[in-house]
4 protein chains.
Amino acid sequence: MSLRERKTAKKKEDILRTAVLVLSEKGYHGTTIEEIASRILMTKGSVYYYFKDKQDLLYQSQLMLLGRSIENVEAILFQDLLVIEKLRMAMIGHIEYLLWERSGFEMMVKLEQFFSAQQKEKILQLRDDYGKAFDQLIQAGIEENVFGSVDVKIVRNIILGAMNWVTQWYSESGKKDKTEIAESISDYLLHILIKK
Amino acid sequence: MSLRERKTAKKKEDILRTAVLVLSEKGYHGTTIEEIASRILMTKGSVYYYFKDKQDLLYQSQLMLLGRSIENVEAILFQDLLVIEKLRMAMIGHIEYLLWERSGFEMMVKLEQFFSAQQKEKILQLRDDYGKAFDQLIQAGIEENVFGSVDVKIVRNIILGAMNWVTQWYSESGKKDKTEIAESISDYLLHILIKK
Amino acid sequence: MSLRERKTAKKKEDILRTAVLVLSEKGYHGTTIEEIASRILMTKGSVYYYFKDKQDLLYQSQLMLLGRSIENVEAILFQDLLVIEKLRMAMIGHIEYLLWERSGFEMMVKLEQFFSAQQKEKILQLRDDYGKAFDQLIQAGIEENVFGSVDVKIVRNIILGAMNWVTQWYSESGKKDKTEIAESISDYLLHILIKK
Amino acid sequence: MSLRERKTAKKKEDILRTAVLVLSEKGYHGTTIEEIASRILMTKGSVYYYFKDKQDLLYQSQLMLLGRSIENVEAILFQDLLVIEKLRMAMIGHIEYLLWERSGFEMMVKLEQFFSAQQKEKILQLRDDYGKAFDQLIQAGIEENVFGSVDVKIVRNIILGAMNWVTQWYSESGKKDKTEIAESISDYLLHILIKK
DNA sequence: AATGAATGAGATTTCATTCAT
DNA sequence: TATGAATGAAATCTCATTCAT
């Protein structure tokens, strides 16, 4: 990759990162190209040099977000740890990410409105890939007999929902800091799984 | 209340109900007065006869939604049942409501963007009232020694998050129907609380 | 005129008086039927019982305003006074009316935009009738040789303009009260006419 | 200033000039962005590129109008002429401006309805600056003993009012052309001041 | 590669007007 | 007579998008 190409790639990424942020703050319709642009000291016009249209930009921002999340969780999957520990790490990572980045998964709501069927398909695919990492951990735990035999899909979604909701109620000014909250939530969620 | 007044009240409620629905489908900015109006065969102008502006309409729709939820949960609070049963009923009620109405709590995200400080305050108040009903049940369970001694605030939010997420993944075409899903989720969530 | 008819006439007049007021405060487009109605504790709908449409209402309000002004000035015309005194009275009356009613002649600007050709004609006619009263006084003064031989039309308009402007700058909190201002302006304007 | 900047400035000025015109024809509420835009073959959207909103546009148009008027009158102030001549020039200039531009000072009525307190303050300031130029001329005349000792504020306002009214009654088809009217009015107004 | 300028579609909002009661 | 309800046209304003430079 030439210097120029790298510069372009960097710029695109800057835009995408900002897009993820604004998107999670304002939602699809509340997000304006103008705002994304001005946050990185660009003009609207320039954004259109890098992305076909708003839809394309926001779509790609979701791909990036999901791609990274998947990388993170898969890195954990292949570590040499007890399954409980791996699941705990995945959960803590997820929650911490949400709290630090304050951006996230909320907008992934009602994809059909914003994205084409194809795009929706792809996002659902990635979402599912991400969810599957959790499924695998749960499944492994069941097989190792450390987890009770639960309905994997339902429990996975309970876990995801409980974690994603944290942005709604966590307050900086509370007693617990971000890491403590993440650990606490994770521990309680493990109660659903761990055999007594 | 005269006939005319009742008619007016009914109309307002119709608009609000529709607003709740559209709002949860499209988000604040994605919701247009036009769409709300046309769904109940009204014109934009008529909606403005009943509500000052979009903001007012959507604010009141949230009040209505929360008010009803609180009524529902408080009705359960005072029944003569075991605390576990009451909590289960509250959870199932919540989930079923979400799945039947397909409308919900998602938009209650980032209130500051849409509502005035006062309005936000009021909504947070009501949200908290709703949450407190769950807190009371959890607290009662702890005191009766049927639940372990958990951090009430955190567990309450885990429960709410897990429940609200259901709109994201529940599919009509899945194996379980709405009631089964609601029961299933509730049971798993009780695992966090119930002492073994 | 029956009681009922008198009641109706009274109501119409109330509306017209209010219309004159609002009109002079807000201008044609800034005046809403709603505002006129609510100031006399009526509803929009009721106003339409008495007047065909906004245009009709505002047109008639102008007729009333001008009609009264003409009555006032003509009453002076036929009094047994020196011409200078009569003109002074007419001027003072005009200015005091403006300052007390705070409503007036400003909106009579650009008639063509708001009124039909016929209506415009009628208003111009009345305006002219009003102006003619001043013309007559000026003319009489010239003939009696107390006034210099001026261009009547121009001087009349100087006088009207100077008087009407008073609503733009007179302030309650100033040194002079309404009557003093009216007298002062009148005296200065007479300088244009009186022979030395 | 670059070429582009000059072009932009020019465009803004075009819009403002048109705004002044339409405003004086139609009043604040009667003036639509659409009309301003279409008169200079622009679209509404473009106008909004240059001005934040209607209020901003009309406010700035008033600033421009007043600014120019002040420049004009102050240029006269410092010429080497008799005070009577200067005042006459100022008056003639004012009237001619009104008659040629057909735009003017009428809308400066009821500022509070249209402008913020700050904006109103600024406009009143400028209006006052303009008025003060006349005050200075009147005052100088009094001191030089060519004018009688009049109440400066009142006489200034008589003069302004008489002049501004001209747009209400001057007709192209009359005997006198614009300059003749201007001279005539000015001469009569000087009668108020000049000692015999 | 970047941007200033322009546009047009669509959203919110206001309001004169109508009408059934 | 009076009014609550409803409507639709028109106005303000926003913003994704395009394009010439």
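These numbers come from the heavy atoms of this one structure, side chains and all, not from hydrogens, waters or symmetry mates. Residue numbers start from 1 in every chain, and the chains themselves are labelled A, B, ... in the order their sequence lines are given, proteins ahead of strands.
Two residues, K54(C) and Y49(A), neighbour DNA chain E, and the one matched to the more 5' nucleotide by heavy-atom proximity is Y49(A). Both Y50(C) and Y48(D) lie close to DNA chain F; mapped to their nearest nucleotides by heavy-atom distance, the more 5′-ward contact belongs to Y50(C). In terms of position on DNA chain F, the residue among K52(A) and K52(D) whose nearest nucleotide sits closer to the 5' end is K52(D).
Remark: E121(B) pairs with no residue by the salt bridge (charged side-chain N to carboxylate O under 4.0 Å, His left out) rule, at least two apart or across chains. In this structure, K54(B) has no salt bridge (charged side-chain N to carboxylate O under 4.0 Å, His left out) partners at least two apart in sequence or on a different chain.
Taking the charged nitrogens against the carboxylate oxygens, R17(D) and D14(D) do have a contact shorter than 4.0 Å, which makes a salt bridge. Remark: E13(C) engages R68(C) in a salt bridge, criterion side-chain N to carboxylate O under 4.0 Å. Of the charged side-chain nitrogens involved, at least one lies within less than 4.0 Å of a carboxylate oxygen, so that E25(C) and R39(C) count as a salt-bridged pair.
Contact annotation: the side chain of I36(D) approaches that of L58(D) to within less than 4.5 Å [non-hydrogen atoms, C-beta and beyond]. Within the 4.5 Å cutoff, the side chain of Y59(B) has heavy atoms near those of the K122(B) side chain. F51(B) places a side-chain heavy atom less than 4.5 Å from the side chain of L16(B). Taking the side chain as every heavy atom from C-beta outward, D56(B) and D53(B) approach each other to under 4.5 Å. The shortest side-chain heavy-atom distance between I15(D) and M42(D) falls under the 4.5 Å cut-off.
Contact record, Q55(C) with S116(C): NE2-N, 3.6 Å, taken as the closest heavy-atom pair.
Counting 5' to 3', DNA chain E first comes under 4.0 angstrom of a heavy atom of chain A and last does so at the ends given by dA1(E) to dG4(E).
In this structure, CG of D56(A) is placed 13 Å from C1' of dA16(F), rounded to the nearest angstrom. Distance, H29(D) NE2 to dA11(F) P: 13 Å, rounded to whole Å.
Residues from residues 31-42 of chain D placing a heavy atom under 4.0 Å of any atom in DNA chain E do not occur. If you check residues 2-17 of chain A against DNA chain E, the residues with a heavy atom closer than 4.0 Å are R4(A), T8(A), K11(A), listed by number.
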Point to revise | Nucleotide-level pairing of DNA chain F, given in dot-bracket where Watson-Crick and G-U pairs need both distances under 3.5 Å and | marks other strands | key: .||||||||||||||||||||
Review point. Are Y28(D) and H29(C) close enough, and set up right, to give a ring pair (Phe, Tyr, Trp, His ring centres under 6.0 Å), and what steps lead you there?
Key: CA-CA 8 Å; Y28(D) 190 94; H29(C) 285 109; over 10 Å; no
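Regarding contacts with the backbone of dA2(F), every side-chain N or O of S46(C) stays at 4.0 angstrom or more from both OP1 and OP2.
Atom NZ of K12(A) is separated from atom CG of L57(A) by 10.0 Å, given to the nearest 0.5 angstrom.
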